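Everything numeric here is computed off the predicted structure, so don't read it as measured data. Starting from 1, each residue takes its place in the sequence as its number.
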Amino acid sequence: MLHYRLRWYAVSTARLLLRRWQALVLLLGVLASANASVFANADTFARPILLAVSPGHGPGWRFSYLLLLLALAALWAHMQRRQIKGGAFMAFAASLPLDARQRRRADLAVLVLADSPLLLMVAGALASDAARGGAAAHLLLLAALVPLALAAQVGVLERRPLAAAGLVATCALLSAAFGTRLAAVANLVACVGAALALRRAPWPQPRALARLRLRAPAWPGLLHAMAGRHTAPLQVSFSILLRERRDEALAKALGAAALFAGALGLATVFEHDARALAAAWFAQGCIALHLSGLFRGLRMAHRASVAYTGALPLAPDWWRRFDLAAVSGFALPFLAAPAMLACYEGAGPARAAAGLLSYAALLCVLRAPQLASERHAVVLSVIVAGGWMAATIACLF
């Protein structure tokens, strides 16, 4: 079963996993050009993980940050839940005489493959902290993040909401014991406990919890009910984006939030000078470039339904303007956040609004290079976005 599960994951997400590793290699190359030593590169690359053992924060902040890391790991698995769970093959595998422990082992093996870019970040954090002579308690805490993140992801795959309670209690224990004499013991207990919980057979869920299922977003239907039949094409685009391709939309939202968080971090590093304003506008352009990839999924879904819609009295590519409206509406909150940051950094409401309109137009313009060529879509989009961002920053700075 494990062979077929790994094969299904490789077939269904081969290009996506390759793009993630390409982005990781690109990031490592940028860091290599910005720092002189290998350990400095590892420290910069693993900074989000190393913040968990930073001594300059209190228990409340550490508790919240540990929960944030586990929530991001759970979202990472939720975005590719269908691919990790085995797809159509598991409908056949459900009839095989396999116990729950064997199924969980297969889930863990596929999760390790899916988490390979994230595990490299944890390895970099361990190497960086060990090179600086970090305490054993810190190394244990960093190592404990791996089984805890896997436990959070297994809870998402198996739809176990009660697993969140155990993870919250563990994060509270780790944050309370940090910096005390019991820190090493608490970290070791959390690491071993999470590993044992993953190894054993899963507990049977209560029937009420087993029947719980996440409901699809209802607001596209509410939009149609409020505005009538004239919004039906727009509802189709929103339904594809938020239901059929919900995992992709969630991944794009998570990436856009990470870009904005990076802009906030750069603004703090630059001590909120003129460079922070440029970083805000640069992050806004990167968010537009990142979210423009949603157009490919929308067009694929529309083309898959052409056998039905082709019989209707509709113009060719009737979905174009509705896809633009759906993606623009989805991207507006993520584009507005850097605009607010630019306004805070001294751009003023007029320049911040001009930057928002410019990058909203860039998002619409990027639809053409994204759909022009599947092989060269990324290169063409980066070239267009780079020129647009340079012109916008030059005009508004």
Side-chain angles (χ1 to χ4, degrees), residues 5-6 9-10 12-32 41-54 62 64-85 104-130 138-158 163-164 167 170-171 174 187 190-191 194-195 197-198 247-248 250-262 265 290:
R5 289 282 299 276
L6 292 174
Y9 182 79
S12 58
T13 63
R15 291 185 178 180
L16 182 59
L17 190 62
L18 179 60
R19 288 178 182 175
R20 288 170 180 168
W21 274 104
Q22 287 174 342
L24 186 60
V25 171
L26 177 62
L27 178 60
L28 290 176
V30 172
L31 293 177
N41 292 333
D43 182 82
T44 306
F45 173 68
R47 176 57 54 183
I49 306 297
L50 289 173
L51 285 176
V53 294
S54 176
R62 201 174 315 278
S64 302
Y65 192 72
L66 289 175
L67 284 181
L68 176 62
L69 291 178
L70 297 184
L72 291 177
L75 283 175
W76 181 270
H78 179 70
M79 291 185 302
Q80 40 188 341
R81 186 178 186 276
R82 296 178 183 176
Q83 291 80 8
I84 294 175
K85 290 297 291 182
R104 173 169 287 187
R105 288 176 181 174
D107 289 341
L108 289 174
V110 181
L111 273 175
V112 169
L113 176 61
D115 293 341
S116 52
L118 304 181
L119 292 176
L120 185 60
M121 185 179 295
V122 177
L126 286 170
S128 178
D129 197 63
H138 291 181
L139 297 176
L140 285 173
L141 177 57
L142 294 175
L145 289 177
V146 176
L148 288 175
L150 288 174
Q153 292 175 332
V154 168
V156 169
L157 295 180
E158 298 180 357
L167 294 173
T170 304
C171 291
L174 295 177
N187 297 339
C191 184
L198 291 172
D247 296 340
E248 181 184 1
L250 181 60
K252 295 295 185 182
L254 184 60
L259 288 171
F260 177 64
H290 177 66

Heavy-atom nearest pair, Ala163 first then Gly155, reads CB-CA, 4.4 Å
From CA spacing to verdict: side-chain contact (heavy atoms from CB on, under 4.5 Å), Leu111, Leu157: CA-CA 10 Å; Leu111 273 175; Leu157 295 180; 3.8 Å; yes
Nearest heavy-atom contact between Gly255 and His290 is CA-NE2, 3.6 Å
Decide yes or no for Val122 and Leu145: does some side-chain heavy atom of the first lie under 4.5 Å from some side-chain heavy atom of the second? no
Which atoms form the tightest heavy-atom contact between Arg62 and Leu51, and what is the distance? NH1-O, 4.2 Å
For Ala52 and Leu69 the tightest heavy-atom approach is CB-CD1, 4.3 Å
Only counting residues at least two apart or in another chain, list the ones meeting ring-ring contact (aromatic ring centres under 6.0 Å, His included) with Tyr65. Trp61
So, do Leu254 and Leu250 sit near enough that their side-chain heavy atoms are less than 4.5 Å apart? no
May I ask you to decide if Ala125's main-chain N or O and Ser128's side chain share a donor-acceptor pair within less than 3.5 Å? no
Leu148 and its side-chain contact (heavy atoms from CB on, under 4.5 Å) partner, picked from Leu141, Leu167, Leu66: Leu167
Those residues at least two apart in sequence (or on a different chain) that pass side-chain contact (heavy atoms from CB on, under 4.5 Å) with Cys191 are Ala144, Pro147
Going by the rule side-chain contact (heavy atoms from CB on, under 4.5 Å), which residues pair with Val156 if we only count those two or more places apart in sequence or in a different chain? Ala74, His78
With Ala143 via side-chain contact (heavy atoms from CB on, under 4.5 Å) - residues at least two apart: none
With sequence neighbours excluded, tell me which residues meet salt bridge (charged side-chain N to carboxylate O under 4.0 Å, His left out) with Asp129. Arg132
Heavy-atom closest pair (Asp115 atom, Gln153 atom, distance to 0.1 Å) is OD2-OE1, 2.5 Å
Distance (rounded to the nearest 0.5 Å) between Gln80 CD and Leu75 CG: 11.5 Å
With Val53 as partner, the option from Leu140, Leu142, Leu139 fulfilling side-chain contact (heavy atoms from CB on, under 4.5 Å) is Leu142
